Amino acid sequence: MNTYIFLYPETSFFEVNLVAYFMKTKGNVSIVTERDNKAIYTNEGIKILSDIFIDEIRIEDIDVFAVCGGEIKNIKNKPLLYQTIKSCAANDKIIGGICAGRDIVKNALDLSNDSKTTYATDKIILSPGNEYVDFALEIGKAADIFEDEDDYNETINYFKLFKSVE
């Protein structure tokens, strides 16, 4: 399973941190940036280096493509990002967008969903920034990473409901 997470200047990495954590349990997680942004400085003040540039990605290698939130002006008018999202949709890949990333995915795919909470179909997950746990859970569910219903519920209990796991 290959998960690609698109980051950009002033991105809010906390919104996709759990996506990376969950998806790493079943495969590879790669940070994607534009070629002119090898190093990303997040809103949290963290420097993150790109694993791959968006123009190097092969669509057939993608299982999950997630677009992080952050300063939306830094990802508007990015034709290659929009094209990657459209290609992922055309090739039945899982696509996630959170916060500003949600708006980019909606615009790229011409979706009119105005849900104020996490919205998920088989392959599209859209979340507001404050629902980062739900976002990660829905991406994990779409990617079938949970061993069974008990594993899924244990993950909810620990990460969303803050119940200790015994």
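Nothing here was measured: the structure is a model prediction, and the numbers come from that model. Values below: all heavy atoms of this structure, side chains included; hydrogens, waters and symmetry mates excluded. We number each residue from 1, following the sequence as shown.
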> Linking I/L/V/M/F/W/Y whenever any side-chain heavy atoms sit under 4.5 Å apart, do I139 and Y158 land together?
Replying inline: yes
> Hey, does Y4 have a side-chain heavy atom less than 4.5 Å from the side chain of D61?
Replying inline: yes
> Does one hydrophobic cluster hold both F53 and Y8, with members joined at side-chain heavy-atom distances below 4.5 Å?
Replying inline: no
> Which heavy atom in P128 sits nearest to a heavy atom in K116, and how many Å separate them?
Replying inline: CG-O, 3.4 Å
> Roughly how far apart are F146 CZ and D148 CG, rounded to 0.5 Å?
Replying inline: 11.0 Å
>> With heavy-atom distances below 4.5 Å as the criterion, would you say the side chains of L137 and T155 are in contact?
In response: yes
>> Quick check: closest heavy atoms across I95 and A89, and the distance to 0.1 Å?
In response: CD1-N, 3.5 Å
> Counting only N and O atoms by type, is there a donor-acceptor contact under 3.5 Å from the side chain of N37 to the main-chain atoms of A39?
Replying inline: no
>> Under a 4.0 Å threshold between the charged nitrogen and the carboxylate oxygen, would D63 count as salt-bridged to K93?
In response: no
> How far apart are the C-alpha atoms of D134 and K160, what are their side-chain angles, what is the distance that settles it, and do they pass the salt bridge (Lys or Arg N to Asp or Glu O under 4.0 Å) test?
Replying inline: CA-CA 8 Å; D134 295 305; K160 186 171 180 171; 2.5 Å; yes
> Nearest 0.5 Å, what's the CD1-CG distance between I72 and D103?
Replying inline: 4.5 Å
>> Using the rule that Ile, Leu, Val, Met, Phe, Trp and Tyr join whenever any side-chain heavy atoms are under 4.5 Å apart, tell me whether V67 and F14 fall into a single cluster.
In response: no
>> How close do L7 and C68 get, counting heavy atoms only, and between which atoms?
In response: CD2-CB, 3.7 Å
> What heavy-atom pair brings C99 and G69 nearest, and what distance separates the two atoms?
Replying inline: CB-CA, 3.8 Å
> Looking at E15 and G70, what are the two nearest heavy atoms and their distance?
Replying inline: OE1-N, 4.2 Å
>> Measuring from atom CD1 of I31 to atom CD1 of I40, what distance do you get when rounded to the nearest 0.5 angstrom?
In response: 9.5 Å
>> A side-chain contact here means heavy atoms from C-beta on lying under 4.5 Å apart; do L18 and F159 qualify?
In response: yes
>> Run the salt bridge (Lys or Arg N to Asp or Glu O under 4.0 Å) test on D122 and K141 for me, step by step, so that the C-alpha distance in whole Å, both residues' side-chain angles and the decisive distance to 0.1 Å come before the verdict.
In response: CA-CA 9 Å; D122 289 355; K141 194 160 53 170; over 6 Å; no
> Got a second to check how far E10's CD is from K73's NZ, nearest 0.5 Å?
Replying inline: 5.5 Å
> Can you find a pair of side-chain heavy atoms, one from N2 and one from V29, that are under 4.5 Å apart?
Replying inline: no
> Taking a hydrophobic cluster as the set of Ile, Leu, Val, Met, Phe, Trp and Tyr residues connected by side-chain heavy atoms closer than 4.5 Å, whether directly or through intermediates, do I48 and V16 fall within one such cluster?
Replying inline: yes
>> With clusters defined by side-chain heavy atoms of hydrophobic residues (ILVMFWY) lying less than 4.5 Å apart, directly or transitively, does L111 cluster with I125?
In response: no
> Where the side chain of N91 meets the backbone of S87, is there a donor-acceptor pair that is under 3.5 Å apart?
Replying inline: yes
> Are R35 and D55 side-chain neighbours, meaning at least one heavy-atom pair lies under 4.5 Å?
Replying inline: yes
>> Please identify which of these residues, K24, K26, M23, meets the side-chain contact (heavy atoms from CB on, under 4.5 Å) condition with T3.
In response: M23
> What's the shortest heavy-atom distance between F65 and I57, and which atoms?
Replying inline: CE1-CD1, 4.2 Å
> For E60, does the CD atom have more than 12 heavy-atom neighbours from other residues, nucleotides or ligands under 6.0 Å away?
Replying inline: yes
> Do I85 and F6 have side-chain heavy atoms sitting under 4.5 Å apart?
Replying inline: no
> T118 and E138: side chain to side chain donor-acceptor pair (under 3.5 Å), yes or no, with the steps?
Replying inline: CA-CA 9 Å; T118 298; E138 289 297 332; over 6 Å; no
>> Side chains of E34 and L80, heavy atoms from C-beta outward: is any pair under 4.5 Å?
In response: no
>> With a 4.5 Å cut-off on side-chain heavy atoms, are I75 and L81 touching?
In response: yes
> Taking atom CG of N77 as the centre, does the number of heavy atoms from other residues, nucleotides or ligands within less than 6.0 Å exceed 12?
Replying inline: no
